[in-house]
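Encoded as structure tokens, the structure appears first; notes follow it.
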There are 2 protein chains.
Amino acid sequence: MTFQKERSAGFLANHMARLFANGLQQRIRPLGLAPAQFMTLLALWDEDGLTQRELVQRLDVEQATMANTLIRMERDGLIERRLHPEDGRSQSIHLTAKAVGLREPATQAARSQNEVALAGFSEDERLVFLDLMRRAIASMRAG
Amino acid sequence: MTFQKERSAGFLANHMARLFANGLQQRIRPLGLAPAQFMTLLALWDEDGLTQRELVQRLDVEQATMANTLIRMERDGLIERRLHPEDGRSQSIHLTAKAVGLREPATQAARSQNEVALAGFSEDERLVFLDLMRRAIASMRAG
DNA sequence: AGTAGTTGAATAGCATGCTATGCAATGATA
DNA sequence: TATCATTGCATAGCATGCTATTCAACTACT
């Protein structure tokens, strides 16, 4: 039996995610942001002052990945680190004014990219699509 | 208005694709394969002897990305390059016996990973999901 | 208190993906 | 045919993501 990539959820998910990332990258590049930085900002715009460990949990990436992303964000003036008052091992990550100011244009860019992807979808299809993705994510995290 | 990542198609697509890639990686690592190598093999198992340019078209990655993947596949004894008889610039990419022999175990690994992801889906939901992903891909490639 | 285990982060090394360049082989055209 | 544009590929440089390892700080237990 042939394995047909166009019928493989994993293959399609990979292709789709690359197109989302490329599209987002084009849109947020003028803001000086990269996709993983944007994803990290999404968490920090909601809850400033998280630790690296908490960011890892919220975004489900490996600790080493987040450590490197934070290095680049610090380099780019998006975050600063403060010593955690209760735990000498950890730091809290705080947004700079620059990062706070990027919230509206950056989220608007992401909304635009989502709109391009879902342009031909009905309102119902959009809800179904998000639900199916969340369920696939939950299945893989469990299994 | 807050941008909620759990309601963003792009965010969910990225998360889902990472989980697919991680799961696939675990399964094919014992075969000595990495995800991008597997993706490239999918194209070559179907049509051996493609050029780099043709692989780029079929998999929708950048030429430079494919060039690097092919370097690693050649290093790992999965492909060999032959001079193109009609065009001195290009080569045709051919599978080794080793790569041919990996077809069944590797595609079985991918099927298993897909099954984990879609475990809770009805047959109808699976078809809908694949269709929605194909449509999102088409929209982004067009727009 | 002192030792052992746990936990938060950093670092090394590698795969994938991208953009930007450069180069050689082809092709098209004056 | 000589020149210019196009095309196929390689390379450099960087961002993301992973696994594996190390280190220091905290916790728990004897």
Problem set entry | Length of the CE-C1' vector between A/M66 and D/dA15, whole Å | 14 Å
Exercise. Can you check the B/Q63 CD to C/dG22 C1' distance for me, whole Å?
Worked result: 12 Å
Exercise. Is A/D76 reaching over with its side chain to a backbone N or O of A/L78, donor-acceptor style, under 3.5 angstrom?
Worked result: no
Problem set entry | Donor-acceptor pair under 3.5 Å, A/Q37 side chain vs D/dA15 base | no
Seminar exercise, completed: A/R29 atom CZ is separated from D/dA15 atom C1', nearest whole Å, by 12 Å
Problem set entry | Spacing of A/E62 atom CD relative to C/dG8 atom P, expressed in whole Å | 14 Å
For this session: Assess the side chains of A/Q63 and A/Q52: does a donor N or O sit below 3.5 Å from an acceptor N or O?
Result: yes
Problem set entry | Side chain to side chain, B/R18 and A/V61, heavy atoms closer than 4.5 Å | yes
Problem set entry | Whole angstrom value for the distance that separates C1' of D/dT16 from CD of B/Q25 | 13 Å
Problem set entry | Nearest-neighbour nucleotide for the B/Q26 side chain, C/dC18, D/dC9, D/dT19 considered | D/dT19
Problem set entry | Separation of atom CG in A/N14 from atom P in D/dG17, rounded to whole Å | 13 Å
Exercise. C/dG8, C/dG17, D/dA15: which one has an atom nearest the side-chain heavy atoms of A/S90?
Worked result: C/dG8
For this session: State whether the number of non-hydrogen atoms from other residues, nucleotides or ligands found under 6.0 Å of B/R81 atom CZ is greater than 12.
Result: yes
Problem set entry | Between P of C/dT19 and CZ of A/R18, the distance in whole Å | 12 Å
For this session: Could you check B/P35 against A/A67 and say which one's nearest nucleotide on DNA chain C is further toward the 5' end?
Result: A/A67
For this session: Give a yes or no answer on whether the side chain of A/T96 reaches the backbone of A/G77 with a donor-acceptor pair at less than 3.5 Å.
Result: yes
Problem set entry | DNA chain D contacts among residues 41-61 of chain A, heavy-atom distance under 4.0 Å | A/V61
Exercise. Under 4.5 Å between any side-chain heavy atoms of B/I28 and B/Q113, yes or no?
Worked result: no
For this session: Could you tell me whether a side-chain N or O of A/N114 sits under 3.5 Å from a main-chain N or O of B/S8, the two making a donor and an acceptor?
Result: no
Exercise. Is any NZ, NE, NH1 or NH2 atom of the basic residue among B/R141 and B/D60 found under 4.0 Å from an Asp or Glu carboxylate oxygen of the other?
Worked result: yes
Problem set entry | Any side-chain donor near an acceptor of the partner, A/R72 and A/N68, under 3.5 Å | no
Exercise. Where each residue is assigned the nucleotide of DNA chain D containing its nearest heavy atom, which of B/A64 and B/N22 is assigned the position nearer the 5′ end?
Worked result: B/A64
For this session: Could you check how far NE2 of A/H15 sits from C1' of C/dG17, rounded to whole Å?
Result: 13 Å
Problem set entry | Selection: residues 70-89 of chain B, any non-hydrogen atom under 4.0 Å of DNA chain C | B/R72, B/R75, B/D87, B/G88, B/R89
Exercise. When you check the phosphate oxygens OP1 and OP2 of D/dC9, does a side-chain N or O of B/N68 lie under 4.0 Å from one of them?
Worked result: no
For this session: Measure from NZ or CZ of B/R111 to the centre of the six-membered ring of A/F3 and say whether it is under 6.0 Å with the direction within 45° of the ring axis.
Result: no
Problem set entry | Phosphate-side-chain proximity, A/T65 and D/dC18, N/O vs OP1/OP2 below 4.0 Å | yes
